[in-house]
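Only a predicted model underlies this, so the values are computations on that prediction, with no experimental measurement involved.
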Amino acid sequence: MLEPSTAVVTGAGRGIGLEIARQLAAAGHKVLLTDVDGDAAERAATEVGGGAWSATHDVRDPSGHREVAAQALAAGPLAVWVNNAGILIAGNSWSHSDAEIASILDVNVRGVVAGSHAAVVAMGAGGGAILNIASLSALAPIPGLAMYAATKAAVLSFTTSLQGDLDHAGLQIRARALCPDVVSTKMVTDRVADPGAALLFAGPRPMDAAAVARAGLELLESRQIFRVVPRWRGVVARTSDAAPSLGLRAFALMRGVGERRQRNHR
């Protein structure tokens with residue numbers, strides 16, 4: 001791992017963010033856990049230990065990222081920044097309210113962009129690593145989760161382009177995007193009765209958050225710019241690119257499977 005210094009993880013009050021923070025702390029980093037739910041962030045930091053601390057942080061506010069970066073730098077050189085905070089809205093895309101659309105774009109896209117920019121400025125010539133949590137949905141159509149998939153595709157595209165900008169500028173900062181399949185987190189389990197989220201329940205058993213976190217930290221040390229977890233799911237998702245209409249038919253069948261599984265949970 002990187003030499004001990006500071007790390008920032010957004011959306012770290014629970015789920016993948018908490019697991020990443022836990023593993024960064026175990027590797028010797030002083031971790032700043034942020035979340036829009038300040039109480040959750042504080043509880044998570046206490047659980048992580050090892051000098052971890054917390055901050056209330058709404059990723060929709062670009063100035064908030066700069067304030068978090070300043071807090072991290074005050075505790076030591078910033079080596080890792082993880083843009084994990086995200087929201088999921090399910091249902092037909094045209095049924096979402098203007099406020100819902102603005103929210104998912106602001107959190108999932110603008111939050112990642114603003115966080116990455118704050119991290120680059122804070123790391124500077126000293127270098128470091130930025131991990132953006134995207135999704136398998138960035139690689140394939142996800143009926144019922146169109147807005148979520150669109151935002152995660154934006155995260156993946158932004159991250160790969162950001163790495164090009166960093167290389168051109170001669171900065172020793174690695175930008176990486178992790179694209180996990182469905183993970184067993186509250187964001188997913190809260191949707192078990194939501195018809196629009198059926199595809200979340202159509203595939204294999206959801207992945208363990210700790211395993212996804214390990215894959216993310218491994219990616220930080222890799223030459224790969226993005227990685228799908230598990231990797232075989234990326235191959236399957238990419239097949240829809242060759243024949244999008246056939247891919248959509250397959251996803252329609254999977255959606256039916258997911259709806260049946262949802263009914264069994266009720």
Requested in this report: Start with the C-alpha gap between Ile173 and Val120, add the side-chain angles, then the distance that decides, and say whether side chain to side chain contact (heavy atoms under 4.5 Å, CB included) holds.
Outcome: CA-CA 7 Å; Ile173 299 173; Val120 170; 4.1 Å; yes
If we ignore hydrogens and angles and just use 3.5 Å, is the side chain of [X] paired with the main-chain N or O of [Y] as donor and acceptor?
{"X": "Asn92", "Y": "Ser95", "answer": "no"}
{"X": "Thr6", "Y": "Pro77", "answer": "yes"}
{"X": "Gln224", "Y": "Arg176", "answer": "no"}
{"X": "Ser135", "Y": "Ala138", "answer": "no"}
{"X": "Thr159", "Y": "Val155", "answer": "yes"}
{"X": "Ser157", "Y": "Ala153", "answer": "no"}
{"X": "Ser93", "Y": "Met147", "answer": "no"}

Restricting to non-hydrogen atoms, name the atom on [X] and the atom on [Y] that form the minimum distance, rounded to 0.1 Å.
{"X": "Ala215", "Y": "Val229", "result": "CB-CG2, 3.7 Å"}
{"X": "Leu33", "Y": "Ala44", "result": "CD2-CB, 3.7 Å"}
{"X": "Leu171", "Y": "Gly124", "result": "CD2-O, 3.9 Å"}
{"X": "Ala72", "Y": "Trp53", "result": "CA-CZ2, 4.2 Å"}
{"X": "Gly111", "Y": "Asn83", "result": "O-OD1, 3.9 Å"}
{"X": "Val48", "Y": "Ala21", "result": "CG1-O, 3.9 Å"}

Requested in this report: Could you please spell out the steps behind the side chain to side chain contact (heavy atoms under 4.5 Å, CB included) verdict for Lys30 and Ser5?
Outcome: CA-CA 6 Å; Lys30 293 175 288 186; Ser5 52; over 6 Å; no
Mind checking side chain to side chain contact (heavy atoms under 4.5 Å, CB included) for [X] and listing every partner two or more places apart, or none if nothing turns up?
{"X": "Thr46", "result": "none"}
{"X": "Arg60", "result": "Asp58, Ser103, Asp106, Val107"}
{"X": "Ala154", "result": "Val109"}

Hey, quick one: are [X] and [Y] part of the same hydrophobic cluster, counting side-chain heavy atoms closer than 4.5 Å, chains of contacts allowed?
{"X": "Val59", "Y": "Ile101", "answer": "yes"}
{"X": "Val9", "Y": "Leu220", "answer": "yes"}
{"X": "Val36", "Y": "Ile20", "answer": "no"}
{"X": "Met123", "Y": "Ile225", "answer": "no"}

Query raised in the report: What is the ring orientation for His65 with His57, classed by angle as parallel under 30°, tilted 30 to 60°, or perpendicular over 60°?
Result: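 His65 and His57: perpendicular rings.
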Query raised in the report: Around Gln71, counting heavy atoms of other residues, nucleotides and ligands shown, do more than 12 lie under 6.0 Å from its CD?
Result: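 Yes, because the 6.0 Å sphere around CD of Gln71 holds more than 12 heavy atoms from other groups.
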Report task. Count the heavy atoms of every other residue, nucleotide or ligand shown that sit under 6.0 Å from CD of Gln172, and state whether that count exceeds 12. Result ->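 No, the 6.0 Å shell around CD holds no more than 12 heavy atoms from other groups.
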Query raised in the report: Is any side-chain heavy atom of Leu136 closer than 4.5 Å to a side-chain heavy atom of Pro180?
Result: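 With C-beta onward as the side chain, the pair stays apart.
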Requested in this report: Could I get the full list of side chain to side chain donor-acceptor pair (under 3.5 Å) partners for Glu47, not counting sequence neighbours?
Outcome: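 Partners of Glu47 by the side chain to side chain donor-acceptor pair (under 3.5 Å) criterion, ordered by chain and then number, come out as Arg22.
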Query raised in the report: With Asn108, which residues qualify under side chain to side chain donor-acceptor pair (under 3.5 Å), at least two apart?
Result: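 Asn108 satisfies side chain to side chain donor-acceptor pair (under 3.5 Å) with Thr151 only.
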Query raised in the report: Where do Glu19 and Val212 land on the side chain to side chain contact (heavy atoms under 4.5 Å, CB included) test, with the steps shown first?
Result: CA-CA 9 Å; Glu19 292 299 333; Val212 173; over 6 Å; no
Give, for atom [atom1] of [X] and atom [atom2] of [Y], the distance between the pair rounded to the nearest 0.5 Å.
{"X": "Arg174", "Y": "Leu162", "atom1": "CZ", "atom2": "CG", "value": "13.0 Å"}
{"X": "Ile130", "Y": "His117", "atom1": "CD1", "atom2": "NE2", "value": "8.5 Å"}
{"X": "Lys152", "Y": "Ile133", "atom1": "NZ", "atom2": "CD1", "value": "7.5 Å"}
{"X": "Tyr148", "Y": "Ile142", "atom1": "OH", "atom2": "CD1", "value": "10.0 Å"}
{"X": "Arg227", "Y": "Ser222", "atom1": "CZ", "atom2": "OG", "value": "4.5 Å"}
{"X": "Leu178", "Y": "Asn132", "atom1": "CG", "atom2": "CG", "value": "10.0 Å"}

Query - Residue among Asp167, Thr160, Asp165 satisfying side chain to side chain donor-acceptor pair (under 3.5 Å) with Gln163 - result: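 In the set Asp167, Thr160, Asp165, the residue that makes a side chain to side chain donor-acceptor pair (under 3.5 Å) with Gln163 is Asp167.
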Query - Full working for side chain to side chain contact (heavy atoms under 4.5 Å, CB included) between Trp81 and Leu131 - result: CA-CA 6 Å; Trp81 184 293; Leu131 177 63; over 6 Å; no
Query raised in the report: Which pairs with one or both residues in residues 90-112 pass ring-ring contact (aromatic ring centres under 6.0 Å, His included), sequence neighbours excluded?
Result: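 Applying ring-ring contact (aromatic ring centres under 6.0 Å, His included) to every pair that reaches into residues 90-112, excluding sequence neighbours, yields nothing.
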**Report entry** Side-chain donor-acceptor pair present, Thr10, Asn84, cut-off under 3.5 Å
**Finding:**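 Not at all, the side chains of Thr10 and Asn84 share no donor-acceptor pair under 3.5 Å.
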Report task. Answer yes if the side chains of Ser54 and Asp35 hold a donor-acceptor pair under 3.5 Å, and no otherwise. Result ->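 Judged by distance alone, the side chains do not pair up.
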